[in-house]
**Student:** 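Below is one structure. I have some questions about it.
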Number of protein chains: 2
Amino acid sequence: MARTRTADKAYHHGDLRSALLEAADGLLEDRGVEAFTLRECARRAGVSHAAPAHHFKDVRSLLTAVAAGAFQRITASMRACKAAASPDPLAQLQGAGEGYIAFALREPQHFYLMFRCSVVDTEDPELAASGREAFLELERPVAALHRVDDAMADDEGSIDAVLLWSLVHGFAHLYLDGRLSQRADLDAAALAERVIQRTLAALGANLPAGR
Amino acid sequence: MARTRTADKAYHHGDLRSALLEAADGLLEDRGVEAFTLRECARRAGVSHAAPAHHFKDVRSLLTAVAAGAFQRITASMRACKAAASPDPLAQLQGAGEGYIAFALREPQHFYLMFRCSVVDTEDPELAASGREAFLELERPVAALHRVDDAMADDEGSIDAVLLWSLVHGFAHLYLDGRLSQRADLDAAALAERVIQRTLAALGANLPAGR
DNA sequence: CAGGTCATCTTGACGTTGACAAAATAATCT
DNA sequence: AGATTATTTTGTCAACGTCAAGATGACCTG
């Protein structure tokens with residue numbers, strides 16, 4: 001109709017799919033998961049309320065795609081931090097952890113969404129794959145750390161991976177919920193750095209090539 | 001009307017408030033936060049859809065009360081585990097962590113709710129108080145641990161409190177989201193025990209009275 | 001015990017949501 | 001060019017949360 005398609009152009013047989021994903025990203029970060037609405041999302045993309053149906057079966061399926069994208073970005077965030085760190089295994093691990101938390105602080109609502117299994121389709125292969133890939137960014141450096149030490153069972157390595165993921169995951173959640181603000185003297189990133197550092201130092205002391 | 005009030009008796013001027021809270025507890029654990037509905041909750045309590053309004057301003061306010069109750073139970077869960085452990089500070093800490101996780105596994109939906117700040121009124125004084133009390137169960141034994149060691153700054157103590165809370169909190173979330181199931185040989189509680197043990201051992205090695 | 005008052009609960013309505021069906025529109029293929 | 005198909009719109013539905021108004025029962029005063 002009398003609708004000016006400026007930049008985004010060509011909705012009809014342009015790609016509404018990406019436009020919807022973009023709109024969803026914005027809506028999510030603006031209003032949060034709970035206030036997320038398919039209709040508002042369609043509105044933002046400039047289409048009717050039923051338009052999304054052809055590209056996404058469900059709200060669930062839209063949000064699943066959004067979450068998959070978010071997992072790719074958290075992976076990228078961890079990689080970026082690792083690239084900026086020294087190649088030393090401990091430093092790599094520290095980088096991965098900080099990248100994880102940095103993403104959570106940068107895109108809190110996306111971070112929430114990624115782990116809201118009741119809102120997202122965890123069976124979705126794309127989501128599962130991008131999730132696994134993200135975890136690997138954390139698991140790999142743990143394995144590298146332990147490879148130095150033959151005496152240590154693989155077992156312990158997998159425990160440490162769980163430990164570290166739990167640590168950064170919990171930290172991110174608690175901080176975002178405002179539960180960690182008693183340490184107002186440190187900002188989130190600095191506090192995260194110290195917590196990870198302390199953990200790795202303690203863990204590293206149990207390894208032969210400590211620090 | 002022709003409604004048989006069997007056990008629960010006296011709704012009118014009985015306490016609907018408690019009945020609603022009970023119904024909400026059940027509905028929450030059955031269907032999850034996202035599927036939680038005020039109307040269904042009223043249905044379970046055997047009243048009309050608008051009845052809750054007189055006792056709770058909002059869905060939000062109902063869920064806030066539910067969350068406050070849950071915080072009291074997680075506190076109780078930590079206390080119970082601590083009571084079963086030796087009085088040694090490290091064992092107390094281990095107990096607190098295990099109690100935290102045990103609650104999350106026992107009442108996963110409540111655990112989710114407690115930290116869903118967009119669904120719950122974090123300003124509510126009752127909720128804030130019960131939340132603070134729960135955190136204290138974890139913070140106190142950390143402080144006790146550090147009191148042994150004068151050389152260590154208070155600072156480090158508060159870092160360790162954040163660290164441990166993050167650890168158990170993250171573990172609970174990840175496990176509930178099914179992200180930790182690669183270790184199928186261990187059940188949740190056993191895995192949690194090992195993770196906490198490893199953390200405390202590593203941390204404890206940095207203390208004078210280690211282990 | 002009568003009558004009034006108030007808290008409690010029900011009924012009905014409104015606007016909004018996600019999903020579905022059917023109609024309309026535009027792109028593509030032959 | 002004409003038909004087929006993919007895409008989008010319009011309209012509808014039940015269900016939701018919240019509000020307003022009315023009904024119901026308990027309590028209190030005289």
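Residue numbers start from 1 in every chain, and the chains themselves are labelled A, B, ... in the order their sequence lines are given, proteins ahead of strands. What you are looking at is a predicted structure, and each value in this text was computed from that prediction instead of being measured.
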**Student:** Rounded to the Å, how far apart are A:Leu16 CG and D:dT9 C1'?
**Tutor:**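 After rounding, the gap between these two atoms is 12 Å.
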
**Student:** C:dA19 C1' sits how many Å from A:Leu62 CG, rounded?
**Tutor:**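 Those two atoms, CG and C1', are 14 Å apart.
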
**Student:** May I ask you to evaluate whether A:His54 reaches the phosphate of D:dT9, defined as a side-chain N or O under 4.0 Å from OP1 or OP2?
**Tutor:**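 False: A:His54 side-chain N/O out of range (4.0 Å or more) of D:dT9 OP1/OP2.
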
**Student:** If we count only N and O atoms by modelled type, under 3.5 Å, do the side chains of B:Thr75 and B:Glu133 hold a donor and an acceptor together?
**Tutor:**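 No - no donor-acceptor pair under 3.5 Å links their side chains.
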
**Student:** From the set C:dT10, D:dT9, D:dT18, return the single nucleotide nearest to any side-chain atom of B:Ser48.
**Tutor:**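 My answer, after comparing the listed nucleotides, is C:dT10.
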
**Student:** Whole-Å distance between D:dA6 P and A:Asp15 CG?
**Tutor:**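 Rounded to the whole Å, the gap is 18 Å.
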
**Student:** Return the 5'-most residue of the pair B:Ala51, A:His49 with respect to DNA chain C, ranking by each residue's nearest nucleotide.
**Tutor:**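 Upstream on the strand: B:Ala51.
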
**Student:** I need the residues from residues 31-43 of chain B with at least one non-hydrogen atom less than 4.0 Å from DNA chain D; give them sorted by number, or say none.
**Tutor:**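 Residues of residues 31-43 of chain B under 4.0 Å from DNA chain D: B:Thr37, B:Leu38, B:Arg39, B:Arg43.
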
**Student:** What pair of heavy atoms forms the shortest contact from A:Ala161 to A:Glu139, and how long is it?
**Tutor:**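 That would be CB-CG, 4.0 Å.
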
**Student:** To the nearest angstrom, how far is A:Phe56 atom CZ from D:dT8 atom P?
**Tutor:**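 In whole Å, D:dT8 P and A:Phe56 CZ are 11 Å from each other.
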
**Student:** Would you mind checking if A:Arg44 and A:Asp30 are paired as a salt bridge, meaning a charged N to carboxylate O distance below 4.0 Å?
**Tutor:**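 Salt bridge: yes.
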
**Student:** Can you check the A:Arg44 CZ to C:dT17 P distance for me, whole Å?
**Tutor:**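 So the CZ-P distance, A:Arg44 to C:dT17, works out to 13 Å.
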
**Student:** Is any side-chain N or O of B:His55 closer than 4.0 Å to OP1 or OP2 of C:dC9?
**Tutor:**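 So the side chain of B:His55 is within the cut-off, an N or O lying under 4.0 Å from OP1 or OP2 of C:dC9.
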
**Student:** Under 6.0 Å between the ring centres of B:Phe115 and B:Phe71?
**Tutor:**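 B:Phe115 vs B:Phe71: aromatic centres under 6.0 Å.
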
**Student:** In whole angstrom, what separates A:Arg17's CZ from D:dT8's P?
**Tutor:**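 Going from CZ in A:Arg17 over to P in D:dT8 covers 12 Å.
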
**Student:** Relative to each other, are the rings of A:His173 and A:His169 parallel, tilted or perpendicular (30° and 60° limits)?
**Tutor:**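 The rings of A:His173 and A:His169 stand perpendicular, inter-plane angle above 60°.
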
**Student:** Is there side-chain contact between B:Arg31 and B:Leu27, with at least one heavy-atom pair below 4.5 Å?
**Tutor:**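 The answer is yes; the side chains approach within 4.5 Å.
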
